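Excluded from the calculations below are hydrogen atoms, water molecules and symmetry mates; all remaining heavy atoms, backbone and side chain alike, are included. Note that the coordinates shown come from a computational prediction; the quantities given were computed from them, not determined experimentally.
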Amino acid sequence: QEEGIRALWAYTPSRKSHLIPKLIQRGFDFHYASSGFILLSKWMAQNGEPNKLPHTPSSIIGVAGLVHNERDEVLMVQEKHTWVERKWKFPGGLADSQENIDDAIVREVFEETGIK
């Protein structure tokens, strides 16, 4: 904690499962398990900071489209709802789970601009 480390992970293969009670005693908790291992985590909050570890393993993929016309003008958009100053950006967003990246780009550009 003194070095600013807020989280610790303990990847524990099945053959080392006898270590789990010791990790629990030291403040670790179960985070994720799959065939052959368990992953424990320990959040070391500083100043009451809430736990920011993901609930499960996950990947979030952001996509954006570079759209231009025959005059090489580039399409930019601004977010309608944002907590920071509105800035210009390429149209895009988050890919859905299992979605093809190219399809996600086309969908996001269409959702934000109406352009296909």
Side-chain angles (χ1 to χ4, degrees):
Q1 279 181 316
E2 294 169 10
E3 297 174 13
I5 297 172
R6 298 183 305 193
L8 295 175
W9 298 91
Y11 176 90
T12 312
S14 297
R15 70 182 186 287
K16 302 262 183 161
S17 62
H18 63 278
L19 298 173
I20 293 172
K22 292 178 181 173
L23 291 165
I24 298 293
Q25 289 171 355
R26 287 171 174 78
F28 283 81
D29 200 358
F30 299 110
H31 188 79
Y32 178 76
S34 191
S35 180
F37 77 93
I38 189 164
L39 183 64
L40 293 96
S41 63
K42 179 178 180 179
W43 181 253
M44 298 181 296
Q46 297 182 10
N47 302 321
E49 181 182 21
N51 187 334
K52 295 182 181 177
L53 296 176
H55 297 290
T56 61
S58 62
S59 296
I60 299 174
I61 299 174
V63 298
L66 177 57
V67 181
H68 64 92
N69 62 18
E70 60 279 345
R71 296 187 310 242
D72 281 334
E73 295 172 319
V74 176
L75 177 66
M76 304 290 284
V77 298
Q78 284 184 310
E79 293 285 349
K80 283 185 179 178
H81 307 286
T82 180
W83 53 273
V84 296
E85 180 183 344
R86 288 174 58 169
K87 299 192 185 281
W88 293 99
K89 69 174 192 102
F90 296 117
L94 299 178
D96 294 332
S97 178
Q98 305 295 315
E99 184 176 22
N100 175 284
I101 298 296
D102 294 334
D103 294 341
I105 294 168
V106 170
R107 177 184 54 74
E108 282 291 339
V109 168
F110 180 73
E111 286 178 3
E112 293 197 4
T113 67
I115 295 172
K116 261 195 174 180

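Residue Glu73 comes nearest to Asn69 through the heavy atom pair OE1-ND2, 2.6 Å, listed as atom of the first residue, atom of the second, then distance. Between Phe110 and Lys116 the shortest heavy-atom distance is CD1-CG, 3.6 Å. Listed here is the closest heavy atom pair of Ile38 and Ala33: CG1-CB, 4.0 Å. When every heavy atom of Val109 is checked against every heavy atom of Gly65, the shortest pair comes out as CG2-CA, 3.9 Å. Closest heavy-atom contact between Val74 and Phe90: CG1-CE2, 3.7 Å. For Glu49 against Arg6, the heavy-atom pair with the smallest separation is OE2-NH1, 2.8 Å.
Between Glu99 and Val63 the shortest side-chain heavy-atom distance does not fall below 4.5 Å. Under the 4.5 Å side-chain criterion, counting only non-hydrogen atoms from C-beta, Phe30 is in contact with Ile24. Annotation: side chain of Val77 is in contact with side chain of Lys89 (closest heavy-atom distance under 4.5 Å).
The CD1 atom of Ile20 lies 8.0 Å from the OG atom of Ser14; values are rounded to the nearest 0.5 Å. Here the straight-line distance linking atom CG of Leu94 with atom CD1 of Ile61 works out to 10.0 Å at 0.5 Å rounding. We find the CG-CD1 distance between Leu75 and Ile115 to be 5.0 Å, quoted to the nearest 0.5 Å. Annotation: the span from Asp96 atom CG to Gln98 atom CD amounts to 10.5 Å, rounded to 0.5 Å. Remark: Leu53 CG to Trp43 CH2 distance equals 5.5 Å, nearest 0.5 Å. In this structure, CZ in Arg107 is found 10.0 Å from CD in Glu112, a value given to the nearest 0.5 Å.
Below 30°, between 30° and 60°, or above 60°: for Phe37 and Tyr32 the angle between ring planes is between 30° and 60°, a tilted geometry.
Only one option out of Val106, Ile101, Asn100, Ile105 pairs with Asp103 in a side-chain contact (heavy atoms from CB on, under 4.5 Å); it is Asn100.
Surrounding NE2 of His68 are at most 12 heavy atoms belonging to other residues, nucleotides or ligands under 6.0 Å away.
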